[in-house]
Engineer: 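My questions will all concern the structure given below.
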Amino acid sequence: MGSIIFSLFLLSLAFPPQTHNFFVTADSNLIQKTCKNTKYYGLCVSTLKSDPTSKTADTKGLAVIMVGIGMANASATSSYLSSQLVSSKNNDTNMKKVLKECADKYGFAGDALQASVQDLASESYDYASMHINAAADYPNACHNAFKRYPALAYPPELARREEGLKHICDVALGIIDNFGW
(Lines give C-alpha, C1' and ligand atoms only; values in the text may rest on other atoms or scores of the structure.)
Protein backbone atom coordinates (compact mmCIF):
# COMPACT_ATOMS: atom_id res chain seq x y z
CA MET A 1 0.00 0.00 0.00
CA GLY A 2 2.80 2.41 0.91
CA SER A 3 4.54 1.84 -2.42
CA ILE A 4 1.34 2.71 -4.33
CA ILE A 5 1.01 6.00 -2.48
CA PHE A 6 4.68 6.73 -3.08
CA SER A 7 4.26 5.94 -6.79
CA LEU A 8 1.25 8.26 -7.02
CA PHE A 9 3.26 10.97 -5.30
CA LEU A 10 6.09 10.59 -7.84
CA LEU A 11 3.58 10.70 -10.70
CA SER A 12 2.07 13.88 -9.33
CA LEU A 13 5.53 15.46 -9.32
CA ALA A 14 6.28 14.29 -12.85
CA PHE A 15 2.91 15.45 -14.21
CA PRO A 16 1.73 18.45 -12.20
CA PRO A 17 -1.87 19.53 -12.64
CA GLN A 18 -2.42 21.93 -15.54
CA THR A 19 -4.88 24.13 -13.66
CA HIS A 20 -2.37 26.96 -13.36
CA ASN A 21 -2.80 28.03 -16.98
CA PHE A 22 -6.55 27.83 -16.66
CA PHE A 23 -6.53 30.19 -13.70
CA VAL A 24 -4.25 32.68 -15.44
CA THR A 25 -6.62 32.72 -18.41
CA ALA A 26 -9.63 33.07 -16.14
CA ASP A 27 -7.97 35.92 -14.25
CA SER A 28 -6.97 37.61 -17.47
CA ASN A 29 -10.60 37.35 -18.53
CA LEU A 30 -11.72 38.88 -15.23
CA ILE A 31 -9.35 41.78 -15.76
CA GLN A 32 -10.57 42.34 -19.31
CA LYS A 33 -14.22 42.02 -18.31
CA THR A 34 -13.73 44.41 -15.40
CA CYS A 35 -11.80 46.92 -17.46
CA LYS A 36 -14.38 47.00 -20.26
CA ASN A 37 -16.61 49.02 -17.95
CA THR A 38 -13.98 51.66 -17.21
CA LYS A 39 -13.23 54.90 -18.98
CA TYR A 40 -9.63 53.95 -19.83
CA TYR A 41 -9.61 50.28 -20.86
CA GLY A 42 -5.96 50.16 -21.98
CA LEU A 43 -4.69 51.81 -18.81
CA CYS A 44 -6.83 49.50 -16.70
CA VAL A 45 -5.67 46.28 -18.37
CA SER A 46 -1.98 47.19 -18.54
CA THR A 47 -1.89 48.43 -14.95
CA LEU A 48 -3.68 45.44 -13.48
CA LYS A 49 -1.72 42.90 -15.52
CA SER A 50 1.54 44.51 -14.37
CA ASP A 51 0.68 43.74 -10.76
CA PRO A 52 1.33 40.08 -9.90
CA THR A 53 -1.33 40.07 -7.17
CA SER A 54 -4.02 40.66 -9.80
CA LYS A 55 -3.73 36.99 -10.81
CA THR A 56 -5.49 35.93 -7.63
CA ALA A 57 -7.64 39.02 -7.04
CA ASP A 58 -11.40 39.27 -7.25
CA THR A 59 -13.06 42.41 -8.58
CA LYS A 60 -12.75 44.20 -5.24
CA GLY A 61 -9.09 43.23 -5.14
CA LEU A 62 -8.63 44.74 -8.60
CA ALA A 63 -10.13 47.99 -7.32
CA VAL A 64 -7.72 47.95 -4.36
CA ILE A 65 -4.79 47.38 -6.71
CA MET A 66 -5.83 50.34 -8.86
CA VAL A 67 -6.27 52.55 -5.79
CA GLY A 68 -2.80 51.47 -4.64
CA ILE A 69 -1.37 52.59 -7.98
CA GLY A 70 -3.13 55.94 -7.45
CA MET A 71 -1.62 56.23 -3.98
CA ALA A 72 1.84 55.61 -5.41
CA ASN A 73 1.22 58.25 -8.09
CA ALA A 74 0.03 60.83 -5.55
CA SER A 75 2.93 60.12 -3.22
CA ALA A 76 5.49 60.31 -6.03
CA THR A 77 4.01 63.59 -7.25
CA SER A 78 4.03 65.07 -3.76
CA SER A 79 7.69 64.05 -3.40
CA TYR A 80 8.49 65.43 -6.84
CA LEU A 81 6.94 68.78 -5.92
CA SER A 82 8.78 68.87 -2.61
CA SER A 83 12.05 68.20 -4.42
CA GLN A 84 11.27 71.01 -6.87
CA LEU A 85 10.67 73.29 -3.90
CA VAL A 86 14.01 72.39 -2.33
CA SER A 87 15.97 72.57 -5.59
CA SER A 88 14.31 75.77 -6.75
CA LYS A 89 17.19 78.11 -7.58
CA ASN A 90 15.15 81.24 -7.85
CA ASN A 91 13.79 83.09 -4.89
CA ASP A 92 10.31 83.47 -6.34
CA THR A 93 8.18 83.31 -3.21
CA ASN A 94 5.00 82.80 -5.25
CA MET A 95 6.46 79.76 -6.99
CA LYS A 96 7.62 78.31 -3.69
CA LYS A 97 4.21 78.94 -2.14
CA VAL A 98 2.43 77.22 -5.05
CA LEU A 99 4.82 74.25 -5.07
CA LYS A 100 4.26 73.77 -1.33
CA GLU A 101 0.49 74.01 -1.77
CA CYS A 102 0.59 71.50 -4.61
CA ALA A 103 2.77 69.08 -2.65
CA ASP A 104 0.24 69.26 0.17
CA LYS A 105 -2.70 68.70 -2.22
CA TYR A 106 -1.13 65.58 -3.68
CA GLY A 107 -0.44 64.39 -0.13
CA PHE A 108 -4.13 64.87 0.64
CA ALA A 109 -4.98 62.92 -2.53
CA GLY A 110 -2.90 60.02 -1.23
CA ASP A 111 -4.67 60.22 2.13
CA ALA A 112 -8.07 60.17 0.43
CA LEU A 113 -7.07 57.11 -1.57
CA GLN A 114 -5.85 55.39 1.60
CA ALA A 115 -9.26 56.07 3.15
CA SER A 116 -10.91 54.52 0.10
CA VAL A 117 -8.97 51.28 0.66
CA GLN A 118 -10.42 51.12 4.16
CA ASP A 119 -13.87 51.86 2.73
CA LEU A 120 -13.49 49.04 0.22
CA ALA A 121 -12.45 46.66 2.99
CA SER A 122 -15.60 47.51 4.95
CA GLU A 123 -17.73 47.39 1.77
CA SER A 124 -18.64 51.07 2.12
CA TYR A 125 -18.51 51.56 -1.63
CA ASP A 126 -20.25 54.93 -1.61
CA TYR A 127 -17.58 56.32 0.72
CA ALA A 128 -14.83 54.67 -1.33
CA SER A 129 -16.16 56.46 -4.41
CA MET A 130 -16.39 59.73 -2.53
CA HIS A 131 -12.77 59.47 -1.40
CA ILE A 132 -11.55 58.54 -4.88
CA ASN A 133 -13.46 61.48 -6.36
CA ALA A 134 -11.81 63.74 -3.79
CA ALA A 135 -8.39 62.36 -4.69
CA ALA A 136 -9.07 63.05 -8.37
CA ASP A 137 -10.07 66.62 -7.54
CA TYR A 138 -7.01 67.61 -5.46
CA PRO A 139 -4.88 68.13 -8.60
CA ASN A 140 -7.45 70.73 -9.72
CA ALA A 141 -6.68 72.73 -6.59
CA CYS A 142 -3.01 72.60 -7.51
CA HIS A 143 -3.72 73.71 -11.07
CA ASN A 144 -5.89 76.54 -9.75
CA ALA A 145 -3.06 77.65 -7.46
CA PHE A 146 -0.93 78.25 -10.54
CA LYS A 147 -3.77 80.18 -12.17
CA ARG A 148 -3.80 82.63 -9.24
CA TYR A 149 -0.36 83.77 -10.37
CA PRO A 150 -0.50 84.46 -14.13
CA ALA A 151 3.27 84.87 -14.30
CA LEU A 152 3.72 81.22 -13.26
CA ALA A 153 3.55 78.62 -15.99
CA TYR A 154 1.96 75.28 -15.16
CA PRO A 155 4.82 72.80 -15.55
CA PRO A 156 4.28 70.17 -18.29
CA GLU A 157 5.57 67.42 -15.97
CA LEU A 158 2.96 68.36 -13.40
CA ALA A 159 0.24 68.40 -16.08
CA ARG A 160 1.28 64.86 -17.09
CA ARG A 161 1.17 63.65 -13.49
CA GLU A 162 -2.19 65.34 -12.90
CA GLU A 163 -3.70 63.61 -15.91
CA GLY A 164 -2.25 60.27 -14.79
CA LEU A 165 -3.78 60.49 -11.32
CA LYS A 166 -7.15 61.54 -12.70
CA HIS A 167 -7.18 58.63 -15.16
CA ILE A 168 -6.20 56.14 -12.47
CA CYS A 169 -9.00 57.44 -10.25
CA ASP A 170 -11.47 57.22 -13.14
CA VAL A 171 -10.51 53.57 -13.65
CA ALA A 172 -10.87 52.78 -9.95
CA LEU A 173 -14.31 54.43 -9.94
CA GLY A 174 -15.33 52.43 -12.99
CA ILE A 175 -14.35 49.20 -11.26
CA ILE A 176 -16.29 50.11 -8.12
CA ASP A 177 -19.33 51.02 -10.20
CA ASN A 178 -19.40 47.36 -11.32
CA PHE A 179 -20.06 46.23 -7.76
CA GLY A 180 -23.74 47.07 -8.13
CA TRP A 181 -24.12 48.57 -4.70
Side-chain angles (χ1 to χ4, degrees), residues 31 34-35 37-54 57 60-122 124-178:
I31 289 171
T34 301
C35 291
N37 297 315
T38 66
K39 195 172 178 180
Y40 301 101
Y41 176 81
L43 173 67
C44 180
V45 170
S46 64
T47 301
L48 292 175
K49 284 188 173 183
S50 71
D51 188 307
T53 62
S54 68
K60 183 165 56 169
L62 296 177
V64 170
I65 291 168
M66 191 58 69
V67 168
I69 298 296
M71 288 168 43
N73 175 294
S75 176
T77 303
S78 180
S79 295
Y80 164 78
L81 289 163
S82 294
S83 73
Q84 294 299 302
L85 182 62
V86 171
S87 69
S88 180
K89 291 182 173 77
N90 66 29
N91 288 327
D92 186 344
T93 57
N94 290 338
M95 177 60 98
K96 289 182 178 185
K97 185 181 350 178
V98 170
L99 289 173
K100 169 78 170 96
E101 181 178 343
C102 287
D104 290 346
K105 297 301 181 197
Y106 277 91
F108 297 150
D111 293 344
L113 290 169
Q114 179 61 50
S116 76
V117 170
Q118 296 166 349
D119 297 331
L120 288 168
S122 66
S124 299
Y125 303 128
D126 52 344
Y127 285 107
S129 291
M130 179 190 70
H131 283 117
I132 295 169
N133 274 313
D137 197 42
Y138 278 115
N140 291 331
C142 173
H143 201 142
N144 290 337
F146 273 90
K147 289 179 182 177
R148 286 194 304 264
Y149 301 97
L152 299 180
Y154 193 62
E157 174 63 17
L158 189 52
R160 186 185 67 75
R161 290 169 180 261
E162 173 187 354
E163 181 178 320
L165 181 58
K166 287 180 176 183
H167 287 189
I168 291 165
C169 289
D170 282 341
V171 169
L173 289 167
I175 295 171
I176 293 170
D177 285 345
N178 288 326

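Numbers for residues simply follow the sequence, beginning at 1.
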Engineer: Knowing that exactly one of Val86, Val98, Leu99 qualifies, which makes a side-chain contact (heavy atoms from CB on, under 4.5 Å) with Leu81?
Structural biologist: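 By the side-chain contact (heavy atoms from CB on, under 4.5 Å) criterion, Leu81 pairs with just one of Val86, Val98, Leu99: Leu99.
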
Engineer: Look at the side chain of Asp137 and the backbone N and O of Asn133, then say whether any donor-acceptor pair between them is shorter than 3.5 Å.
Structural biologist: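 Looks like no, no N/O pair under 3.5 Å.
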
Engineer: Between Tyr125 and Asp177, is there a side-chain heavy-atom distance shorter than 4.5 Å?
Structural biologist: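 Contact flag for Asp177/Tyr125 side chains = no.
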
Engineer: What closest approach, in Å, do Ile168 and Met66 show between heavy atoms, and which atom pair accounts for it?
Structural biologist: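 Heavy-atom minimum between the residues: CG2-O, 3.5 Å.
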
Engineer: Rounded to the nearest 0.5 Å, what separates atom OH in Tyr127 from atom CG in Asp119?
Structural biologist: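 If I round to the nearest 0.5 Å, the distance is 8.5 Å.
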
Engineer: What distance separates Lys49 NZ from Ser54 OG, expressed to the nearest 0.5 Å?
Structural biologist: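 Going from the NZ atom of Lys49 to the OG atom of Ser54 covers 9.0 Å.
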
Engineer: Considering non-hydrogen atoms only, spot the tightest contact between Ala74 and Gly110 and give its length.
Structural biologist: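 Scanning both residues completely, I find the closest heavy atoms to be CB-N, 3.7 Å.
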
Engineer: How far does CD of Gln118 sit from OG of Ser124, to the nearest 0.5 angstrom?
Structural biologist: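 OG of Ser124 is found 10.5 Å from CD of Gln118.
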
Engineer: Between Ser75 (side chain only) and Met71 (backbone N and O only), is there a donor and an acceptor less than 3.5 Å apart?
Structural biologist: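 Checked: no pair found.
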
Engineer: Are any non-hydrogen side-chain atoms of Ile175 and Cys44 less than 4.5 angstrom apart?
Structural biologist: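 The answer is yes; the side chains approach within 4.5 Å.
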
Engineer: If you define the side chain from C-beta out and look only at heavy atoms, does anything of Leu113 sit under 4.5 Å from Cys169?
Structural biologist: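 In contact.
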
Engineer: Look at the side chain of Ser46 and the backbone N and O of Gly42, then say whether any donor-acceptor pair between them is shorter than 3.5 Å.
Structural biologist: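 Yes, Ser46 side chain to Gly42 backbone: donor-acceptor pair under 3.5 Å.
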
Engineer: List for me each residue that meets side chain to side chain donor-acceptor pair (under 3.5 Å) alongside Glu157, sequence neighbours excluded, and say none if there are none.
Structural biologist: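 Only Arg160, Arg161 meet the side chain to side chain donor-acceptor pair (under 3.5 Å) criterion with Glu157.
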
Engineer: Identify the heavy atoms of Thr47 and Ser50 that sit nearest to each other, and give their distance.
Structural biologist: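 In this case the closest contact between Thr47 and Ser50 is O-OG, 2.7 Å.
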
Engineer: Got a sec, which residues hit ring-ring contact (aromatic ring centres under 6.0 Å, His included) with Tyr80, two or more places apart in sequence or on another chain?
Structural biologist: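 With sequence neighbours excluded, Tyr80 shows a ring-ring contact (aromatic ring centres under 6.0 Å, His included) to no residue whatsoever.
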
Engineer: How long is the span from the CE atom in Met130 to the CD1 atom in Ile132, to the nearest 0.5 Å?
Structural biologist: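 The distance works out to 10.5 Å.
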
Engineer: Considering non-hydrogen atoms only, spot the tightest contact between Leu85 and Lys96 and give its length.
Structural biologist: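 That would be CD1-O, 3.3 Å.
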
Engineer: If we only count heavy atoms from C-beta on, is the Thr38 to Leu43 side-chain gap below 4.5 Å?
Structural biologist: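 Result no, sub-4.5 Å side-chain heavy-atom pair not found.
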
Engineer: Should Leu48 and Ile65 count as side-chain neighbours, where that means a heavy-atom distance under 4.5 Å?
Structural biologist: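 Yes; the side chains approach each other to less than 4.5 Å.
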
Engineer: Using the side chain to side chain donor-acceptor pair (under 3.5 Å) criterion, which residues pair with Glu162? Sequence neighbours excluded.
Structural biologist: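 So Glu162 forms a side chain to side chain donor-acceptor pair (under 3.5 Å) with His143, Tyr154, Lys166.
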
Engineer: Identify the heavy atoms of Leu165 and Ala135 that sit nearest to each other, and give their distance.
Structural biologist: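 It is CD2-O, 3.9 Å.
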
Engineer: How close do Ser82 and Ala103 get, heavy atom to heavy atom, and via which atoms?
Structural biologist: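 Minimum heavy-atom contact is OG-CB, 3.7 Å.
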
Engineer: Just so I know, are the side chains of Val67 and His131 near enough to count as touching, which here means a heavy-atom distance under 4.5 Å?
Structural biologist: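 They are not in side-chain contact.
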
Engineer: Mark yes when over 12 heavy atoms from residues, nucleotides or ligands other than Lys97 sit less than 6.0 Å from its NZ; otherwise mark no.
Structural biologist: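 Incorrect, the count does not exceed 12.
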
Engineer: Answer whether the closest heavy-atom distance between the side chains of Phe146 and Leu158 falls below 4.5 Å.
Structural biologist: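 Yes, their side chains come closer than 4.5 Å.
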
Engineer: Any donor-acceptor pair under 3.5 Å linking the side chain of Asn73 with the backbone of Ile69?
Structural biologist: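 Checked: no pair found.
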
Engineer: Any chance you could measure Ile176, atom CD1, to Ser129, atom OG, to the nearest 0.5 Å?
Structural biologist: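 If we round to the nearest 0.5 Å, Ile176:CD1 and Ser129:OG are 4.5 Å apart.
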
Engineer: To the nearest 0.5 Å, tell me how far Asn37 CG sits from Asn178 CG.
Structural biologist: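 The distance works out to 4.0 Å.
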
